[in-house]
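Because the structure is a prediction, the values reported are computed rather than measured.
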Amino acid sequence: MRLCVGVGSASSSHWDLMGNAMVTTEQVRLTQDMQSKQGAVWSRIPCHLKDWELQVHFKIHGQGKKNLNGDGLAVWYTKERMQSDQAYREVPQETSAVIAAKRPVFGNMDFFTGLGLFVDTYPNEEKQQEAQKKRYTPRTQSVPPSQRIFPYVSAMVGNGTVSYDHERDGRPTELGGCTALVRNLNHDTFLVVRYVRRRLTVMIDIDGKHEWRDCLDLPGVWLPQGYYFGASAITGDLSDNHDLISLKLYQLTVMRTAEEEKQEEEVTVPRVDNMALFIEDERDEPMSGVTVFFIVLFSLLGSIMLAVIAVIVYQKWKENSRKRFY
């Protein structure tokens, strides 16, 4: 069903509208193309399906040029629903920094418990690296890590203790992702999240060809039942219209043997098998140019000192040898 049908504050509605989100005849607009806005829509009914598929029809568009727009939207399957609208409502005097601090993860809370899927339209890490380059001469510039092309779709599983690193676009906790050039398109854009047999699959349809393209496929993802679906978006100094046209949830029929049903483990805390393979090790990051410069400098000074000491020792040994000879 179209999301805009049945959204509101009425007791019969299955969805809660929060923040600056508004309902139109065609979609739920999570944010307008204006600065310092945040909005969300959350299901009132928890999902108790074991295997499911969620199809998301969305649209991101605005007046900003490339990399002068933001920040993106997120689709959620989490234990925590958004707080009450009273706690969420914007105060006119608040700055974009204050609003972002309240809902730092695309308009939702940090340290969430469950699955977050992010359509990130602004490269925060890349912009920070460009700013750092301007502070140093070419000899002291750091080598940038492998860069992603934005907009970028990524996924993260949180257990309530892991933070999403907004300044690095979620790179340290990213399970995988893909580039998705979804802004200002004249055709429909979709993504699908499929969860079957502890396997998480994300596909996108953004080329107007009605064909799914693989984005993420990861086994060993453990998500509890009884969590809530939702979507949120945020703008800061840069902005976009973030429109949610429909959310369609399907129950998938998966045949399991009696033995498989018996061995099926009840999940209480979200987790990912071999999570260490997906989380970046900060020690593997490249050293900055300044650090390399000082390492080379001290290495050269140390080598020179050792050479001088060796020459002095050799001369004294030579003098002692002459005295013993005569």
Side-chain angles (χ1 to χ4, degrees), residues 31 36 38 40 60 67 69-80 82 95-133 135 142-180 191 193 200 202 215-216 218 221 223 230-240 242 269-288 291:
T31 70
S36 305
Q38 55 179 343
I60 301 176
N67 291 342
N69 56 276
D71 285 327
L73 65 82
V75 178
W76 305 96
Y77 175 68
T78 59
K79 178 181 179 180
E80 311 89 355
M82 190 70 74
T95 64
S96 59
V98 173
I99 294 175
K102 288 184 177 180
R103 297 287 183 268
V105 189
F106 298 94
N108 193 22
M109 62 178 290
D110 200 0
F111 297 100
F112 58 87
T113 306
L115 172 67
L117 183 68
F118 314 117
V119 184
D120 193 348
T121 59
Y122 184 77
N124 291 285
E125 184 178 28
E126 179 181 323
K127 294 302 180 183
Q128 288 182 356
Q129 290 170 355
E130 290 178 358
Q132 290 176 355
K133 288 179 181 180
R135 301 175 186 174
S142 61
V143 179
S146 57
Q147 295 187 358
R148 298 175 290 184
I149 300 176
F150 284 72
Y152 189 81
V153 176
S154 64
M156 169 184 170
V157 170
N159 60 7
T161 65
V162 181
S163 176
Y164 176 86
D165 191 341
H166 181 266
E167 299 304 319
R168 299 191 60 200
D169 304 307
R171 187 186 290 266
T173 51
E174 177 192 335
L175 297 178
C178 63
T179 295
L191 63 83
V193 187
L200 179 67
V202 178
C215 181
L216 166 67
L218 183 66
V221 178
L223 297 176
S232 64
I234 191 171
T235 66
D237 294 330
L238 301 174
S239 62
D240 255 338
H242 297 96
V269 179
R271 71 178 191 271
V272 178
D273 292 343
N274 300 319
M275 184 63 186
L277 297 177
F278 302 97
I279 298 181
E280 283 189 343
D281 189 339
E282 299 293 335
R283 293 171 298 179
D284 293 337
E285 290 188 357
M287 292 182 292
S288 68
T291 303

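Inter-residue side-chain proximity for L117 and V153 is flagged as met; some heavy-atom pair is nearer than 4.5 Å. No side-chain heavy atom of N108 sits less than 4.5 Å from a side-chain heavy atom of Y164. Using a 4.5 Å heavy-atom cutoff, the side chains of V193 and L115 are in contact. Annotation: side chain of H166 is not in contact with side chain of P104 (no heavy-atom distance under 4.5 Å). E80 has its side chain within reach of T113: a pair of non-hydrogen atoms, C-beta onward, lies under 4.5 Å apart. Between M156 and V162 there is a side-chain heavy-atom pair separated by less than 4.5 Å.
Taking each heavy atom of P270 and N159 in turn, the nearest pair found is O-CB, 3.8 Å. The two residues H242 and D71 make their nearest non-hydrogen contact at CE1-N, 4.0 Å. Taking all atoms of both residues into account, the shortest heavy-atom contact from P172 to R168 is CG-NH1, 3.5 Å. The two residues D273 and R271 come nearest to each other via the heavy atoms OD1-NE, 4.2 Å. Between G72 and T121, the shortest heavy-atom contact is N-OG1, 3.6 Å.
When atom types are taken as modelled, the side chain of S154 and the backbone of E174 share no donor-acceptor pair closer than 3.5 angstrom.
There is no side-chain donor-acceptor pair under 3.5 Å between S232 and Q38.
Atom-to-atom distance recorded for I234:CD1 and L73:CG is 12.0 Å, nearest 0.5 angstrom. Here the OG-CG distance, from S36 to D237, works out to 6.5 Å after rounding to the nearest 0.5 Å. Here the straight-line distance linking atom OG1 of T235 with atom CG of N69 works out to 11.0 Å at 0.5 Å rounding. The OG1 atom of T31 lies 7.0 Å from the CG atom of D240; values are rounded to the nearest 0.5 Å. Interatomic distance, CG of N124 versus CG of D169, reported as 4.5 Å (0.5 Å rounding).
A ring pair (Phe, Tyr, Trp, His ring centres under 6.0 Å) with F118 is found for one member of F150, Y152, F106 and no other, namely F106.
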